[in-house]
Amino acid sequence: MLTAFARAFKTPDLRKKLLFTLGIIVIYRVGTHVPIPGVDYTAVQVCVDQASANQGIFGLVNMFSGGALLQITIFALGIMPYITASIILQLLTVVIPRLEALKKEGQAGTAKITQYTRYLTVALAILQGTGLVATARSGALFQGCPVAGQIVPDRSIFTTMVMVITMTAGTALVMWLGELITDRGIGNGMSILMFISIAATFPAALWAIKQEGSLADGWIEFGTVILVGLVMVGLVVFVEQAQRRIPVQYAKRMIGRRSYGGTSTYIPLKVNQAGVIPVIFASSLLYIPALIAQFAGGTSGWKTWIEQHLVQGNHPYYIVSYFLLIVFFAFFYVAISFNPEEVADNMKKYGGFIPGIRAGRPTAEYLSYVLNRITWPGSLYLGLIALVPTMALAGFGANQNFPFGGTSILIIVGVGLETVKQIESQLQQRNYEGFLR
């Protein structure tokens, strides 16, 4: 990986792309520290210092925003509205025929779906921004903080509208910065911004564990956490690269005097075909009852039960529910993102077949069988990655949103591998030696 970056800096046009990407990242990180109008920044800092060890139900969104959510800055919502909009559009593509037709139209259809994603991102940003402002005004954003109710001193309609518009504009700006990285940088812009947001929380979380440690002034705990993190990263890299290659043979076709086809290739089915999406789905779904209980008044029995069983990340009910939801969403997302019948029809159209399997319906059934077989270990792997670091690091004072948790490791490793592959592919294009050597 370091060799690829070193070679990229030696290539002039790639060096410009890398420096441009670094400049966008600097702008993004600066924006995560600029507070929005109408917020008492002193009160926010007091509450953030008290809530650093327990971020509550907003911890996941705060991680995706690089810590900007609890700071209530212009980039407080971060890239999360765009991620949600992309997932919603991807799910609706299977349900709505018009979107499915656009997906099959190629680049023009993809551009149209991207435009819909932008509109939905702005709508979600307005909705989430309104919810964040209402939460901050009620003092529920920092429970237990004595000055939580003073975060938004002016509660007029005008101030509320300015705060929501500012955060919505910040989300639109983040979306534009990600597209700039995709077009003029090294590519994969949204994923890189997500990577930077999560990586930005690493130093503070690691240093907090060192300060809370008791062995050798906390350095033993610090080193152990680093070692566990490296082991987990190595395991994730190993599984993320694993794939089941299904061989495909294309028959020869004579068109005039020329022969076409006769080549052999393969269909790569990854063990973790769903990526990090099931973990995000499961986390978001488990936050819904906790969010309802937080805004519900009184001390009813169901509210007490939720607060005791579905809020604490180390409770057995929470762990079992989290694991089962991850497994369910892994199968659900693979079922809607990979269509064996469509793949079998395309193979049959171009004269391709799997050796030993008849073309058409038998091929689709075989692909479904293989996909179900490899989705089981992939879903179990996702569940273990999401839960084992949380339980193992709980003894070192880490909360359930510690950066070495499942979601952050999967995103960082996945984005890192994809970025390195893109850089290497661009290097191969610029250092092609040709056939005449």
Contacts of F331 that satisfy ring pair (Phe, Tyr, Trp, His ring centres under 6.0 Å) - sequence neighbours left out =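 In terms of ring pair (Phe, Tyr, Trp, His ring centres under 6.0 Å), with neighbours along the sequence ignored, F331 is linked to W376.
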inquiry  = So, using ring pair (Phe, Tyr, Trp, His ring centres under 6.0 Å) as the criterion, who are the partners of Y82 when residues are at least two apart?
reply    =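 Here no residue qualifies.
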So which heavy atom on [X] is nearest to which on [Y], and how close?
X    : Y    : value
T182 : G189 : OG1-N, 2.9 Å
L384 : F323 : N-CE1, 4.0 Å
I186 : T419 : CD1-CG2, 3.6 Å
A364 : A344 : N-CB, 3.8 Å
Q150 : A43  : O-CB, 4.2 Å

[X] versus [Y]: any side-chain heavy-atom pair under 4.5 Å?
X    : Y    : value
F338 : L269 : yes
M194 : M190 : no
F328 : L324 : no
M347 : I354 : yes

ask   = Under 3.5 Å, is there a donor-acceptor pair linking the side chains of Q45 and Y41?
value =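 Yes, Y41 and Q45 have a side-chain donor paired with an acceptor closer than 3.5 Å.
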ask   = With no hydrogens and no angle check, do the side chains of Y333 and Q273 hold a donor and an acceptor under 3.5 Å apart?
value =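 No donor-acceptor contact under 3.5 Å links the two side chains.
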ask   = Where does the angle between the aromatic ring planes of Y366 and Y369 fall among parallel (under 30°), tilted (30 to 60°) and perpendicular (over 60°)?
value =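 Answer is tilted, since the angle falls between 30° and 60°.
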task = Kindly write out the residues that satisfy side-chain hydrogen bond (donor to acceptor under 3.5 Å, both in side chains) with Q115, not counting sequence neighbours, or none if the list is empty.
result =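 By the side-chain hydrogen bond (donor to acceptor under 3.5 Å, both in side chains) rule, Q115 matches R118, Y119.
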Results of side-chain hydrogen bond (donor to acceptor under 3.5 Å, both in side chains) for T160 - residues two or more places apart only =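 Here the qualifying residues are R137.
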message = If the condition is side-chain contact (heavy atoms from CB on, under 4.5 Å), which residues does T265 pass it with, not counting sequence neighbours?
response =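 Listed in chain order: V248, Y250.
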task = Assess whether side chain to side chain contact (heavy atoms under 4.5 Å, CB included) is satisfied between L410 and Y381, documenting all intermediate values.
result = CA-CA 11 Å; L410 288 170; Y381 147 80; 3.3 Å; yes
key: Expected output: side-chain T171 to main-chain L77 donor-acceptor under 3.5 Å   =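 Checking the backbone N and O of L77 against the side chain of T171, no donor-acceptor pair under 3.5 Å is found.
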query = How would you list all residue pairs meeting salt bridge (charged side-chain N to carboxylate O under 4.0 Å, His left out) that involve residues 236-246, not counting sequence neighbours?
reply =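 For residues 236-246: E240-K270.
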